[in-house]
Amino acid sequence: YQPVHVIGGGLAGSEAAWQIAQSGVPVILHEMRKDDATGKVITDAHQTDGLAEMVCSNSFRSDDWQFNAVGLLHAEMRKLGSLIMSCADQHQVPAGGALAVDRDGFSTEVTKRLSQHPLVTIVREEIAGLPPAPDGKNGWDNVIVATGPLTSPALAQAVLDLTGEGQLSFFDAIAPIIHFESINMDIAWRQSRYDKEGPGGDAAAYINCPMNKEQYEAFIDALLAGPKSEFKEWENVPYFDGCLPIEVMAERGRETLRHGPMKPVGLTNPRDPLVKAYAIVQLRQDNALGTLWNMVGFQTKLKHGVQAETFRMIPGLEDAQFARLGGLHRNTFINSPKLLDKSLRMKAQPRLRFAGQVTGVEGYVESAAMGLLTGRFAAADRKGAPIDAPPPTTALGALVEHITGGHLEAGNGPGSFQPMNINYGLLPPLEAPKVDEDGKKIPLKERGRAKKRLMSLRALKDLDAWMA
Ligand code: FAD
């Protein structure tokens, strides 16, 4: 076979290269970080020339496949012979239920296994633009771009030129996302502002949480007092319109939010139609399944620890469970729902596949997971027997669904796509079981947990069927 080219030897690219080589297809892995005479290691976050370097935490998060979606993703990846999971297991350090690793041992192991594989060639170079044109024998007809959140500027510019204005983001501006089932609909209600119909004729597209003056004032106090995370020096970005963190708005004046994302106009509380709310927080559906809802305009730099506490002050969200918290940080990612097909190929140039954080997944494990799938897709194409993605009931399939369209189908339109960790809200829902396998009644408060387990079991069974 002609080789497949993988650009970027991070979490995603290393896994992709491994999967390609393991399927018997040669692979050339291009990684720009090198420990040369200058000692220059060229990103703002990486500190070594090791493959799959973990730039921040040393944790792959929960390893519990029964009750935690990232643990489920671990289990699925292990089934598929993941290099990242295997090296992580080998270099595990004690961390309770989490899978944490000795980061140097882990990265050295990934580098060693790839270097020693007879079908892997590692080239230390930057691909500083679109990959060269294919000539029938150089293999550039089948390329995986896995250059991560800190994609080198030259390549990022080339992707931007190819995809067009607005299709490549350089920052996350993330509002918190909440599991629908944790929203108290006895307090909140559904209505679009001025009952305006949204896509699909829905005049009740939003969930609204009302506040009286006292609640609003207390909320503003909490926003102002809460500890904020500071940008690292290299994250020193100017804010842009429509993207101001809520606490920055609150700092500009106590009323600013009430005239911005929390304005109460055009909405009537059906339970109290005569009393005008002082402020209203709106939630917008975030996935096609309707299981996840984002807080409109609530991007924030509040530290994660206080976010949940602060947002649970909002009436209707007292027991909110967060699928992800808000944030604002540097991150290069493409508008995948518009640009990629279901096998993660760029529609405009199908020789290019994208994998990892640059596709709009978030996290080490999710990035490696997308590397795993693209590696398999690329190798299958090279062998002339293309394969489909795993079903959306699996964690792997649910991530593909998220980055290739789940959002747009929800009617949010382009521009609303934001990176996300794996979570059960991305998988098609199941009824919470009332009895266990032995027919014993499950107490109400344990049913959510039991449901997660059923979803995990379904995922692993469906993955087995896909593999077969
Ligand atoms: P990377 O692992 O970054 O790999 C991309 C590789 O491509 C790099 O090795 C880079 O040198 C190379 N490259 C870039 N451009 C080129 C080019 N033109 N030619 C050749 N090579 C190129 N996730 C977590 O789960 N936990 C965390 O604690 C965490 N902390 C983070 C902290 C920071 C500062 C950042 C930026 C991200 C963090 N993430 C974290 C998010 C994300 O999961 C990781 O960045 C993860 O490494 C992404 O995997 P990846 O393979 O997509 O990218």
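Note that the coordinates shown come from a computational prediction; the quantities given were computed from them, not determined experimentally. Indexing begins at 1, ligand by ligand and atom by atom, following the structure's order. For this chain, numbers begin at 1 and follow the sequence in order.
Each of the atoms 8 (C), 9 (O), 11 (O) of ligand 1 lies under 4.0 Å from some heavy atom of R33. Each of the following atoms of ligand 1 lies closer than 4.0 Å to a heavy atom of E126: 17 (C), 18 (N), 19 (N), 20 (C). Atoms of ligand 1 found under 4.0 Å from any heavy atom of A12, numbered from 1 in the order shown, are 51 (O). Below 4.0 Å from some heavy atom of A146 lie the following atoms of ligand 1, by number and element: 5 (C), 6 (C), 7 (O). The contact set between ligand 1 and C56, taken as ligand atoms under 4.0 Å from a residue heavy atom, comprises 28 (O), 29 (C), 30 (N), 31 (C), 32 (C). Atom numbering of ligand 1 starts at 1 in the shown order; those under 4.0 Å from a heavy atom of S152 are 14 (C), 15 (N), 17 (C), 18 (N). Of all atoms in ligand 1, listed by their number and element, those nearer than 4.0 Å to a heavy atom of G10 are 1 (P), 2 (O), 4 (O), 6 (C), 9 (O), 51 (O). Of all atoms in ligand 1, listed by their number and element, those nearer than 4.0 Å to a heavy atom of G356 are 52 (O).
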Could you walk me through whether L396 and V400 satisfy the side-chain contact (heavy atoms from CB on, under 4.5 Å) test, starting with their C-alpha distance in whole Å, then the side-chain angles of each, then the deciding distance to 0.1 Å, before giving a yes or no?
CA-CA 7 Å; L396 282 161; V400 172; 5.9 Å; no
Evaluate side chain to side chain donor-acceptor pair (under 3.5 Å) for Q90 paired with R113, printing each intermediate quantity in order.
CA-CA 12 Å; Q90 189 176 334; R113 290 209 213 164; 2.6 Å; yes
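Residue E31 has at least one nitrogen or oxygen atom sitting less than 3.5 Å from a nitrogen or oxygen atom of ligand 1, judged on distance alone. Between G363 and ligand 1, at least one N/O pair is under 3.5 Å apart. On a distance-only criterion, T151 and ligand 1 share no N/O pair closer than 3.5 Å. Considering backbone and side-chain atoms together, L11 places an N or O closer than 3.5 Å to an N or O of ligand 1.
The list of side-chain hydrogen bond (donor to acceptor under 3.5 Å, both in side chains) pairs with a residue in residues 16-27, not counting sequence neighbours, reads E15-Q19, Q19-R376, Q22-H117.
If you look at H30 next to ligand 1, the close heavy atoms, those under 4.0 Å, all belong to the backbone. With a 4.0 Å heavy-atom cut-off, ligand 1 is reached by the backbone of S57 and by its side chain too. Only the side chain of H46 comes within 4.0 Å of ligand 1, counting heavy atoms alone; its backbone N, CA, C and O stay farther away. Counting heavy atoms closer than 4.0 Å to ligand 1, residue I7 contributes side-chain atoms (C-beta onward) but none from N, CA, C or O. Of all the heavy atoms of T147, the ones lying under 4.0 Å from any atom of ligand 1 are found in both the backbone and the side chain. Contact annotation: for S59 versus ligand 1, there are no heavy atoms closer than 4.0 Å. Only side-chain heavy atoms of L155 come within less than 4.0 Å of ligand 1; its backbone N, CA, C and O stay farther off.
Using a 4.0 Å cut-off between charged nitrogen and carboxylate oxygen, E125 and K34 do not count as a salt-bridge pair. With respect to R382 and D141, a salt bridge is recorded, a charged nitrogen being found less than 4.0 Å from a carboxylate O. With salt bridges taken as basic N to acidic carboxylate O contacts below 4.0 Å, one links E366 and R61. Contact check on K451 versus E181 returns a salt bridge, with a Lys/Arg side-chain nitrogen under 4.0 Å from an Asp/Glu carboxylate oxygen.
Taking the six-membered ring wherever Trp is involved, the centroid distance between the rings of F60 and F106 falls below 6.0 Å. In this structure, H74 has its ring center at least 6.0 angstrom away from the ring center of W65.
No side-chain donor-acceptor contact under 3.5 Å links Q357 to the backbone of N331.
Residues T359 and T404 form no side-chain contact, since every pair of their non-hydrogen atoms from C-beta on lies 4.5 Å or further apart. Between R312 and L317 there is no side-chain heavy-atom pair separated by less than 4.5 Å.
When the options T359, N421, V55 are ranked by their closest heavy atom to atom 31 (C) of ligand 1, first place goes to V55. Ranked by closest heavy atom to atom 21 (N) of ligand 1, the top entry among E15, M54, M32 is M32.
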Cut-off 3.5 Å, no hydrogens considered: what does the side-chain donor-acceptor table look like for residues 129-137, sequence neighbours left out?
from : atom 1 : to   : atom 2 : distance (Å)
D135 : OD1    : K137 : N      : 2.9
D135 : OD1    : N138 : N      : 2.9
D135 : OD1    : N138 : ND2    : 3.4

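Not close to ligand 1: E366, with no non-hydrogen atom less than 4.0 angstrom away.
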